[in-house]
Amino acid sequence: MSEYNFSQIEKKWQEVWEKEGVYHSDPDPKRPKYYVLEMFPYPSGRIHMGHVRNYTLGDIIARVKRMKGYNVLHPMGWDAFGLPAENAALKHGVHPADWTFSNIAYMKAQLKKLGFSYDWRREITTCTPDYYRFEQKFFIEMYERGLAYRKKTLVNWCPKDQTVLANEQVEDGRCWRCGTEVTTKEMEGWFLKITAYAEELLQDLDKLEGKWPEKVITMQRNWIGKSVGAEIKFFVPDLEEDLIVYTTRPDTLFGATFVALSPEHEMAKKLAEKKGLKAKLEEFIEKVRKERRAIEEGRAEKEGLFLETFAVNPLTKEHIPIFAANFVLMEYGTGAIMCVPAHDQRDFEFAKKYGLPIRVVITPKDKVLKAEELESAYEDPGILINSNEFSGLWSEEAKERIIAKLEELSLGKKKVTYRLRDWGVSRQRYWGCPIPIVYCERCGIVPERIENLPVVLPLNVQIDKTGKSPLPYLEDFVNTTCPRCGGRARRETDTFDTFVESSWYFLRFASPDPELPFRKEDIEYYLPVDQYIGGIEHAILHLLYARFFTKVLRDLGYINFDEPFEKLLTQGMVIKETYRCPVHGWIYPEEVSSDGKCLKDGCGEKVEVGKPEKMSKSKCNVVDPDEMIKKYGADTVRLFIAFAAPPEKDLEWSDHGIEGAFRFLKRLYSLISSYADELREVELKEEELKELSDKLLKLRRKLHQTIKKVHIDFEERLHFNTGIAAIMEFLNHLQDTLKELSPDDLKDHKAKILLKEVFIKTLLLLSPVCPHICEELWEKLGGEGRIVNAKFPTFDPTLLKEETFVLVVQVNGRVRDQVEVPADITKEKALELALSLPKVKKFVEGKSIKNVVFVPQKLINIVV
RNA sequence: GCGGGAGUGGCGGAAUGGUAGACGCUCCGGACUUAGGAUCCGGUGGGGAUUUCCCCGUGAGGGUUCAAGUCCCUCCUCCCGCACCA
């Protein structure tokens with residue numbers, strides 16, 4: 001019997017498949033397509049188990065669909081721009097491009113070793129001009145349509161490094177690189193007007209219902225954050241102008257006892273100027289900026305600065321004080337709010353602190369609220385009081401009526417607001433796609449001409465110790481001529497946020513044309529992506545940006561669909577248990593003795609076994625895919641990963657678990673190998689599989705039941721763990737059956753045909769998960785062609801039906817016995833039989849039968 | 001605080017309202033062996049009776065039902081996301 005030599009088998013078939021180009025896909029209008037896409041990786045150096053899981057899940061889906069007759073597009077590429085390349089350059093003195101491309105080469109080899117069914121001809125590397133030139137084109141077209149614009153905003157700024165920091169580069173209010181306290185700074189930058197699509201992005205989430213995880217849909221809804229309210233004008237006599245506030249509770253207008261502005265609000269500045277509070281306000285702004293983080297986390301106390309003037313409530317005509325307050329956000333609504341302490345907790349706290357009046361205008365049905373007795377704001381709906389002609393109305397109706405009244409008086413209007421902000425795409429980074437804009441001394445902002453694209457990112461640069469982008473200092477790059485007037489001009493030196501590249505790569509995969517971003521007919525054939533797979537961490541940003549780009553490209557006339565990803569699967573993390581020594585902190589499993597002591601430096605302290613956590617170097621719980629492939633082979637790694645948990649749950653890596661998967665494949669290999677010679681020439685004529693002996697019929701039935709189960713689990717439920725369990729169960733049953741049969745039984749021709757069917761179909765079922773071993777055994781068994789090109793087995797429905805079943809006999813809902821009975825047994829017969837069973841008699845005797853429930857094919861329940 | 005998800009053996013996890021614990025791991029026993037961390041066979045939720053029997057058991061409590069892990073109500077715990085968004 002031959003050994004399962006996985007490394008030889010895997011190498012052999014990977015070469016064959018590559019040579020034969022079995023995974024290539026080209027548009028073919030005669031065949032149905034299926035586009036399977038996994039989120040492409042950032043080329044950080046090596047792939048990790050999270051990637052292995054993501055790509056294994058995608059590969060299984062792609063292979064199942066191929067076997068079901070679809071023309072499957074399954075591509076892979078590299079999200080190759082990004083900050084880590086610059087950090088590597090800083091640390092190791094290697095150029096970001098060299099670092100990136102060598103990482104890509106290494107990781108590509110790793111993916112190939114895992115046997116993924118990618119059409120590598122379609123590989124994309126986003127840091128090449130071939131790719132990003134089209135991104136620049138889209139940007140210019142967006143600019144021309146007013147969808148890209150330049151504005152000043154507040155950014156995180158590290159005063160030491162003199163650089164802008166992304167939110168995720170700020171750790172506890174400090175710069176991640178140098179630890180300096182981060183401040184905010186106003187800076188100019190480019191923005192994409194995603195807010196113009198807020199309503200459509202929200203509405204179209206309904207189309208994804210049932211196809212995307214509910215969680216992701218909810219997260220996006222919250223992120224877009226639609227709220228319906230009103231803008232209301234409060235006249236400010238001191239300035240003789242209106243202050244416009246935004247509120248979702250116009251019904252509480254009569255309870256407004258003050259108004260609050262964001263400290264950065266224009267009117268706050270004007271009023272401060274007028275009242276001689278300029279210094280105080282600036283001090284306040286500075287303080288609020290510093291506390292920004294604490295404020296965002298809700299840790300800072302509410303604080304305000306009275307601007308020594310008043311605003312007029314448009315309906316009551318009351319004069320109420322104006323404050324600048326730290327809890328009012330400039331970026332949301334109008335940056336100004338009316339404050340109703342009785343019905344808003346934040347206003348309540350502020351009012352208590354500054355001794356401002358609290359007036360109840362909404363009251364629940366059953367009791368009367370008194371302002372002086374309130375311990376917190378009453379925020380629920382209720383009935384209006386103290387509100388003139390609106391008193392007595394239910395708050396929901398009052399909202400409409402008060403808005404109507406304000407509109408009639410031109411003092412306010414209904415207003416929809418979104419939490420979603422425009423997408424800031426400027427990065428003061430080197431390793432990114434250049435923003436194709438020129439600043440002309442005469443013409444101002446001018447987009448580069450389309451025919452001059454790409455604006456190539458210069459590679460002849462030195463990354464210096466400050467980590468600052470070298471682009472602004474590259475005279476050759478910066479100095480240019482104006483595309484419009486030909487005069488002197490300077491290039492934009494910011495680059496795009498890397499989320500821009502990943503917002504359209506799925507389109508490029510379908511049509512890698514050298515001259516066009518993509519050909520329309522290719523897009524029409526392959527898109528949208530049928531199944532997208534990736535981590536939940538991209539639930540909001542990437543997926544929202546990609547949805548936005550899809551809609552923009554649609555409106556620019558490139559494509560004709562609304563949503564890029566038909567179905568979405570978000571896989572869980574790969575986690576592993578951790579070990580912690582009281583002296584050494586996190587330690588590797590190898591550093592723990594068999595009796596749980598720390599072996600590091602002869603330490604000997606008792607090691608704490610921590611709960612499983614996401615794999616990370618710092619926690620010493622990383623498992624290297626290369627090592628696993630070397631030890632067990634790609635098929636075993638894939639099998640374990642698909643088997644250990646359903647895709648959406650976290651997967652706990654287990655060294656014992658992978659041994660189990662390895663054992664299963666060894667068992668499969670030796671079993672089929674031992675019959676291979678005998679069965680190779682046997683022709684699989686299913687029509688001869690009639691009048692089988694009981695045991696063989698049972699085996700065949702079990703096979704077809706397994707095919708059905710695997711079909712459902714692999715193609716519909718995407719629960720590969722239970723599908724694989726069914727295959728394992730079948731193999732167990734097969735081995736039991738083989739043990740029971742005599743050598744003579746197996747010499748029978750029919751038995752041989754059946755065995756051939758059983759083996760061939762088992763291999764077909766397992767091949768999406770473990771393609772190499774299945775291809776090898778397929779060849780040994782004399783299978784036709786390549787298993788990777790074979791059809792998924794179908795089941796014979798007539799075979800599924802059992803002639804008998806095990807009837808569960810219950811008395812008062814408790815199982816008392818079970819007995820094998822004909823499948824078509826009647827209720828009467830079943831009852832008669834049940835009552836004759838001694839174990840049942842025991843519980844029924846001497847009692848009267850009140851009811852009998854009979855479930856065909858299942859059970860009988862006798863109620864006494 | 002708001003939103004989402006989950007609580008099932010020693011562990012990962014199975015169960016269209018119909019035998020709870022499939023499949024795998026671990027552990028225990030046995031076989032083969034110079035050896036076993038290879039392989040094969042058997043057992044493995046808890047408690048009691050000890051051969052084939054009974055009771056208990058899906059986070060807690062209640063309800064609907066002939067029948068509940070599954071449906072309904074109340075509560076507890078954990079995880080994730082968002083969070084002064086007016």
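Being a predicted model, the structure only gives us computed values, none of them experimental. Chain identifiers are assigned alphabetically (A, B, ...) following the order of the sequence lines, protein sequences preceding nucleic acid strands; residue numbering begins at 1 within each chain.
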**Student:** What is the distance from CE of A:Met573 to P of B:G5, rounded to the nearest Å?
**Tutor:** 18 Å
**Student:** Filter on salt bridge (charged side-chain N to carboxylate O under 4.0 Å, His left out), then keep only pairs touching residues 657-675 of chain A, sequence neighbours left out; what's left?
**Tutor:**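 Found none.
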**Student:** In the structure shown, which nucleotide is the Watson-Crick or G-U wobble counterpart of B:C82, with both distances under 3.5 Å?
**Tutor:**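 B:G1 - that is the nucleotide pairing with B:C82, both distances being under 3.5 Å.
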**Student:** Could you check whether the rings of A:Tyr378 and A:His343 sit parallel, tilted or perpendicular, using 30° and 60° as the cut-offs?
**Tutor:**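 Because their plane-to-plane angle is over 60°, the rings of A:Tyr378 and A:His343 count as perpendicular.
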**Student:** In whole Å, what separates the C1' atom of B:G21 from that of B:G57?
**Tutor:** 11 Å
**Student:** A:Phe254: which residues meet the side-chain contact (heavy atoms from CB on, under 4.5 Å) condition with it, sequence neighbours left out?
**Tutor:** A:Leu315, A:Thr316, A:Val361, A:Ser387, A:Asn388, A:Phe390, A:Ile402
**Student:** Looking at the angle O4'-C1'-N9-C4 for a purine or O4'-C1'-N1-C2 for a pyrimidine, is B:G46 syn or anti, with syn meaning within 90° of 0?
**Tutor:** anti
**Student:** Give one of base, sugar-phosphate or nothing for A:Lys842, where a contact means two heavy atoms less than 4.0 Å apart.
**Tutor:** sugar-phosphate
**Student:** Between B:U26 and B:C75, how many Å separate the two C1' atoms, rounded to a whole number?
**Tutor:** 35 Å
**Student:** B:A38 pairs with which nucleotide, Watson-Crick or G-U wobble, both distances below 3.5 Å?
**Tutor:**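 Per the H-bond distance test, none.
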**Student:** Taking only the P atom of each, what is the distance from B:G29 to B:G36 in whole angstrom?
**Tutor:** 13 Å
**Student:** Taking atom C1' in both B:U65 and B:A14, what distance in whole Å separates the two?
**Tutor:**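 Pairwise C1' distance, B:U65 against B:A14, rounds to 25 Å.
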**Student:** Taking only the P atom of each, what is the distance from B:G37 to B:C55 in whole angstrom?
**Tutor:** 42 Å
**Student:** A:Ile217 has an atom CD1; how far is it from atom P of B:G5, in whole Å?
**Tutor:** 12 Å
**Student:** Using whole Å, report how far OH of A:Tyr4 lies from P of B:U39.
**Tutor:**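 For the pair A:Tyr4 OH and B:U39 P, the rounded distance is 14 Å.
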**Student:** Which atom pairs link the protein and nucleotides 15-26 of chain B when you take only N or O atoms and keep those under 3.5 Å?
**Tutor:**
{"residue": "B:A15", "atom": "OP1", "partner": "A:Arg717", "partner atom": "NH1", "Å": "3.4"}
{"residue": "B:A15", "atom": "OP1", "partner": "A:Arg717", "partner atom": "NH2", "Å": "2.8"}
{"residue": "B:U19", "atom": "O2", "partner": "A:Gln818", "partner atom": "NE2", "Å": "3.0"}
{"residue": "B:A22", "atom": "O2'", "partner": "A:Glu729", "partner atom": "OE1", "Å": "3.0"}
{"residue": "B:G24", "atom": "OP1", "partner": "A:Asn732", "partner atom": "ND2", "Å": "3.1"}
{"residue": "B:C25", "atom": "OP1", "partner": "A:Arg663", "partner atom": "NE", "Å": "3.2"}
{"residue": "B:C25", "atom": "OP1", "partner": "A:Arg663", "partner atom": "NH2", "Å": "2.7"}
{"residue": "B:U26", "atom": "OP1", "partner": "A:His656", "partner atom": "ND1", "Å": "3.3"}

**Student:** Could you tell me whether the phosphate oxygens of B:U52, OP1 or OP2, come under 4.0 Å of any side-chain nitrogen or oxygen in A:Lys839?
**Tutor:** no
**Student:** For nucleotides B:A83 and B:C72, find the distance between their C1' atoms and express it as a whole number of Å.
**Tutor:** 32 Å
**Student:** Taking only residues two or more places apart in sequence, or in another chain, which ones meet A:Lys353 in a salt bridge (Lys or Arg N to Asp or Glu O under 4.0 Å)?
**Tutor:** A:Glu301
**Student:** What residues form a side-chain contact (heavy atoms from CB on, under 4.5 Å) with A:Ala726, not counting sequence neighbours?
**Tutor:**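 Partners of A:Ala726 under the side-chain contact (heavy atoms from CB on, under 4.5 Å) test: A:Thr706, A:Lys709, A:Val710.
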**Student:** When the P atoms of B:G13 and B:C25 are compared, how many Å lie between them, rounded to an integer?
**Tutor:** 16 Å
**Student:** Mind checking A:Arg221 for me? I need base, sugar-phosphate or nothing, with any heavy atom below 4.0 Å counting as a touch.
**Tutor:**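 If one applies the 4.0 Å heavy-atom cut-off, A:Arg221 turns out to touch nothing in the nucleic acid.
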**Student:** Who pairs with A:Ile712 by side-chain contact (heavy atoms from CB on, under 4.5 Å), at least two apart in sequence or on another chain?
**Tutor:**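 Per chain and number, A:Ile712 pairs via side-chain contact (heavy atoms from CB on, under 4.5 Å) with A:Lys708, A:Glu716, A:Arg717.
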**Student:** With both distances under 3.5 angstrom, what nucleotide forms a Watson-Crick or G-U wobble pair with B:U77?
**Tutor:** B:A6
**Student:** Which of residues 251-263 of chain A sit near RNA chain B, with a heavy atom under 4.0 Å from it?
**Tutor:** none
**Student:** Just to be sure I understand the rule, does A:Asn812 reach a base, reach only the sugar-phosphate, or reach nothing, if contact means heavy atoms closer than 4.0 Å?
**Tutor:**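 No contact at all - A:Asn812 keeps every heavy atom at 4.0 Å or more from the nucleic acid.
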**Student:** Is there a Watson-Crick or G-U wobble partner for B:A68 with both distances under 3.5 Å, and which nucleotide is it?
**Tutor:** none
**Student:** Which side chain to side chain donor-acceptor pair (under 3.5 Å) pairs, counting each pair once, include a residue from residues 854-864 of chain A, with sequence neighbours left out?
**Tutor:**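 Passing the test, one end in residues 854-864 of chain A: no pairs.
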**Student:** Do A:Val864 and A:Phe843 have side chains that get closer than 4.5 Å, going by heavy atoms?
**Tutor:** no
**Student:** Round to the nearest Å and state the distance from A:Leu651 atom CG to B:C11 atom P.
**Tutor:** 17 Å
**Student:** Quick one: the side chain of A:Lys850 and the base of B:C66, do they pair up donor-acceptor inside 3.5 Å?
**Tutor:** no
**Student:** Mind calculating the distance between CD (A:Glu331) and C1' (B:C84) to the nearest angstrom?
**Tutor:** 13 Å
**Student:** Round to a whole Å and report the spacing from CG of A:Asp380 to C1' of B:C2.
**Tutor:** 13 Å
**Student:** Among all residues two or more places apart in sequence or in another chain, which pass the side-chain hydrogen bond (donor to acceptor under 3.5 Å, both in side chains) test with A:Glu303?
**Tutor:** A:Lys287
**Student:** For side-chain contact (heavy atoms from CB on, under 4.5 Å), just list the numbers for A:Asp635 and A:Phe6, CA-CA rounded to whole Å, side-chain angles, deciding distance to a tenth of an Å, and then say yes or no.
**Tutor:** CA-CA 8 Å; A:Asp635 281 337; A:Phe6 55 84; over 6 Å; no
**Student:** Residues two or more places apart in sequence or in another chain: which of them pass salt bridge (Lys or Arg N to Asp or Glu O under 4.0 Å) with A:Lys839?
**Tutor:**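 For A:Lys839, the residues satisfying salt bridge (Lys or Arg N to Asp or Glu O under 4.0 Å) (neighbours in sequence not counted) are A:Asp817.
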**Student:** Let me know the distance between CD of A:Glu648 and C1' of B:G4, rounded to the nearest Å.
**Tutor:** 14 Å
**Student:** Is there a side-chain contact between A:Thr56 and A:Phe720 (heavy atoms, below 4.5 Å)?
**Tutor:** no
**Student:** Rounded to the Å, how far apart are A:Trp212 CH2 and B:G4 P?
**Tutor:** 19 Å
**Student:** With heavy atoms under 4.0 Å as the rule, sort A:Arg421 into base, sugar-phosphate or nothing.
**Tutor:**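 A:Arg421: base contact, heavy atoms under 4.0 Å.
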**Student:** Identify the pairs formed between an N or O of the protein and an N or O of nucleotides 77-82 of chain B at a distance under 3.5 Å, and give each distance.
**Tutor:**
{"residue": "B:C80", "atom": "O2'", "partner": "A:Lys215", "partner atom": "NZ", "Å": "3.0"}

**Student:** What pairs with A:Pro381 under side-chain contact (heavy atoms from CB on, under 4.5 Å), at least two apart in sequence or on another chain?
**Tutor:** A:Trp394, A:Ser395
**Student:** For B:G12, give the paired nucleotide (Watson-Crick: N1-N3 plus N6-O4 or O6-N4; G-U: N1-O2 and O6-N3; both under 3.5 Å), or none.
**Tutor:** B:C23
**Student:** Would you kindly compare A:Phe843 and A:Val328 by the position of their nearest RNA chain B nucleotide and give the one closer to the 5′ end?
**Tutor:** A:Phe843
**Student:** Below 6.0 angstrom between ring centroids: does that apply to A:Phe258 and A:Phe350?
**Tutor:** yes
**Student:** Given the C1' atoms of B:G9 and B:A20, what is the spacing between them in whole Å?
**Tutor:** 11 Å
